[in-house]
Structures are given as structure tokens and as C-alpha cells.
Amino acid sequence: MKILVGVKRVLDYNVKARVKADKSGIELANVKMAMNPFDEIAVEEALRIKEAGNAEEVIAVSIGPAKSEETIRTALAMGADRGILIQTDELLEPLAVAKLLKHIVEKEQPGLVVLGKQAIDDDCNQTGQMLSALTGMPQATFASKVELDGDSIKVTREVDSGLESIRVKSPAVITADLRLNEPRYAKLPNIMKAKKKPLEVIEVADTGVDVSSGLSVVEVNEPEQRQAGVIVGSVAELVDKLRNEAKVI
Ligand code: AMP
């Protein structure tokens, strides 16, 4: 079976996000970009499934500008076999991304699609669910453990009340949560080898998929600055401040 993994190029999680002067979005020019952290976990899981002999090929797919090739190369350096870039300079919403992934699913017929639970730039947490709805594949979201048994996949999910175990039948969509695994680092020889692995580039226009958007960003603002705190000298002083200044008791 083939495994398709979604890898999105996002602002590196170590970089402090700055809002553009015109409030239209986040400043992305000349800042460090990286693979979405949950997608690293998704790639790692796909590789482990392949290494356990349960898959033949891992395909990394990214949708975004030409520079997303770097993100795909990172996945290839980790061990993915080939990459597909659906190229666009437009900022696409999750529904458009899900439609494009469906296009690739129809072409590649993977037994499993592994995505991150959410992209850290838009925090949407929608793409996996939408892909499942569009394709009719079952979904197992927020996965913290994946066990394959033929075409039956047992997925342990992180839910508010604890852990839930479900079974889905391949082909299925799984979204990776933080505790699923610890992704490997790409080793230098593998980074070199990754440069020679196949990477197909497709233009969005050539997919025939309608990616027009139903939403527009009105404004992006920095979070409000927190007020500096004070250190109180005693419990009595704390109670006094809560009662007379904050007026919460
Ligand atoms: P989201 O619904 O935007 O929070 O994204 C959830 C997951 O969908 C991500 O962790 C990725 O695995 C996948 N995904 C979203 N956008 C893209 C993209 N542009 N290219 C590749 N994968 C994506």
C-alpha cells in the first residue's frame, strides 16, 4: 500500500510571528519557514508503518508556493520515497486544500492518508476531516497510537476525557497528535540522497479543482499585551488587593 502524507510549509515555530503593517496577515518575507510540526509526526508515522513492512511507498504532498519544495525535500530526507508539489502562490483555505488532496488521492489510490491534526499557522484543524468527507474515507483524528492489522487499523485518539480506541478500515485518513511519536532528524547523507528523489510539480490550474474561497480575512491583530504583575508581601496583602483593587472577591 501507498501512504500519502501532507506536509505544509509554515512559519518556523521558534520564530515570533509579526503582523504586517496593513494588518492583512503575518509577515512571511525573510523569516525562517519549516515543516508544520504535526506533519513531521505524520511523516515519521508513515515511515514507521513502511519500515514495519506494512507499506511500500510514502509520498509527501505539499500545496503552496515553489519554496514548499524545501518542505518536501525535508520529508524525502527523513525517508519518504517521492514528493508531489501542487504549486500556488495563493493562500488556500482548508476546503481548497482538501479538494486538492482528494485529487491526488484519486490519482495515487493510497491505503492511508496521514496528515497533521492542525497547521500551526492557521490552527484550522479542518483539512483531514474535510478530506474524509469529500472522499468517503473513514477518519481517525488526534491519533496518539496507530496499529495496523491487515486493512483494519486500530487508532488510539486523544479526547477530552482520556483515550478512545477506534477501528477504521483502509483506505482511511488519520491525523497525527503530538504524542504519536518523536520524529527523526534527517541525517546529512539522507539530505544529499533526498535531492535525487523524484518530485513532481503540478500547477493548481492543471488539476481542474475549484479553489475559490468562501472566506476572506478581515483583519489580523497582535494579541493584547499582558500587564506586568506585582509581587505581594503576604496573603493578607493579596486578599486586600483582590478585594479592593481587582474587586473579584
Ligand atoms: P489545517 O486543517 O489547516 O489545520 O491542517 C491540518 C493538516 O492538513 C496539516 O497538518 C497538514 O498535514 C495538512 N495540510 C494543510 N494545509 C496543507 C498544505 N498547504 N499542504 C500540505 N498539507 C496541508
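The structure presented is a predicted model; accordingly, all values stated were derived computationally and were not measured. When a ligand or atom number is given, it counts from 1 through the structure's own listing order.
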* Closest approach of Ser170 to Met1 (non-hydrogen atoms, all atoms of both residues) -> OG-SD, 4.2 Å
* So is there a nitrogen or oxygen of Phe38 less than 3.5 Å from a nitrogen or oxygen in ligand 1? -> no
* Could you tell me which non-hydrogen atom of Val155 sits nearest to which non-hydrogen atom of Val168, and how far apart they are? => CG2-CG2, 4.4 Å
* Specify the protein heavy atom at minimum distance from atom 15 (C) of ligand 1: its residue, its atom name, and the distance to 0.1 Å. => Thr127 OG1, 3.7 Å
* To do: Check whether the side chains of Arg179 and Ser144 place a donor and an acceptor atom closer than 3.5 Å, and report yes or no.
  => no
* Can you check whether Leu163 reaches Lys145 side chain to side chain, under 4.5 Å on heavy atoms? -> no
* Structure fact -> Quick look: Asn125 vs ligand 1, heavy-atom contacts under 4.0 Å, and the answer is backbone
* Structure fact -> Heavy-atom closest pair (Met35 atom, Val43 atom, distance to 0.1 Å) is SD-CG2, 4.2 Å
* Less than 3.5 Å between some nitrogen or oxygen of Leu115 and one of ligand 1, yes or no? -> no
* Asked: If you measure every N/O of Asn36 against every N/O of ligand 1, is any gap under 3.5 Å?
  -> yes
* Can you list the atoms of ligand 1 that are under 4.0 Å from a heavy atom of Val61? -> 21 (C)
* To do: Specify side chain, backbone, both or neither for Val7, according to which of its non-hydrogen atoms lie closer than 4.0 Å to ligand 1.
  => backbone
* With only distance considered, is Pro94 within less than 3.5 Å of ligand 1 through an N or O on each side? -> no
* For Lys169, all residues meeting side-chain hydrogen bond (donor to acceptor under 3.5 Å, both in side chains), sequence neighbours excluded -> Asp151
* Numbered atoms of ligand 1 (with element) below 4.0 Å of Asp39, judged on heavy atoms -> 9 (C), 10 (O), 11 (C), 12 (O)
* To do: List the closest protein heavy-atom neighbour of atom 14 (N) of ligand 1: residue, atom name, distance to the nearest 0.1 Å.
  => Val97 CG1, 4.2 Å
* To do: Considering only non-hydrogen protein atoms, determine which one is nearest to atom 20 (N) of ligand 1 and report residue, atom name and distance to 0.1 Å.
  => Ile63 N, 3.0 Å
* Specify the closest pair of heavy atoms between Pro138 and Pro171, including all atoms of both residues, with the distance to one decimal. => CD-O, 3.2 Å
* Structure fact -> re atom 16 (N) of ligand 1, the protein heavy-atom contact at minimum distance is Lys8 CD, 3.4 Å
* Only counting residues at least two apart or in another chain, list the ones meeting side-chain hydrogen bond (donor to acceptor under 3.5 Å, both in side chains) with Glu57. => Arg82
* Asked: With atoms numbered from 1 as shown, which atoms in ligand 1 lie under 4.0 angstrom from a non-hydrogen atom of Cys124?
  -> 1 (P), 2 (O), 3 (O), 4 (O)
* **atom 6 (C) of ligand 1 - nearest protein heavy atom and its distance** => Gly116 O, 3.6 Å
* Structure fact -> Under 4.0 Å between heavy atoms, the region of Leu101 that gets near ligand 1 turns out to be neither
* Asked: Should you measure from each heavy atom of Asp122, which atoms of ligand 1 turn up under 4.0 Å away?
  -> 1 (P), 3 (O), 4 (O)
* Structure fact -> Looking only at heavy atoms, the pair that brings Arg9 and Ser62 closest together is N-OG, 4.3 Å
* Asked: At their closest point, which heavy atom of Ser132 faces which heavy atom of Met137, and how far apart are they?
  -> OG-O, 2.6 Å
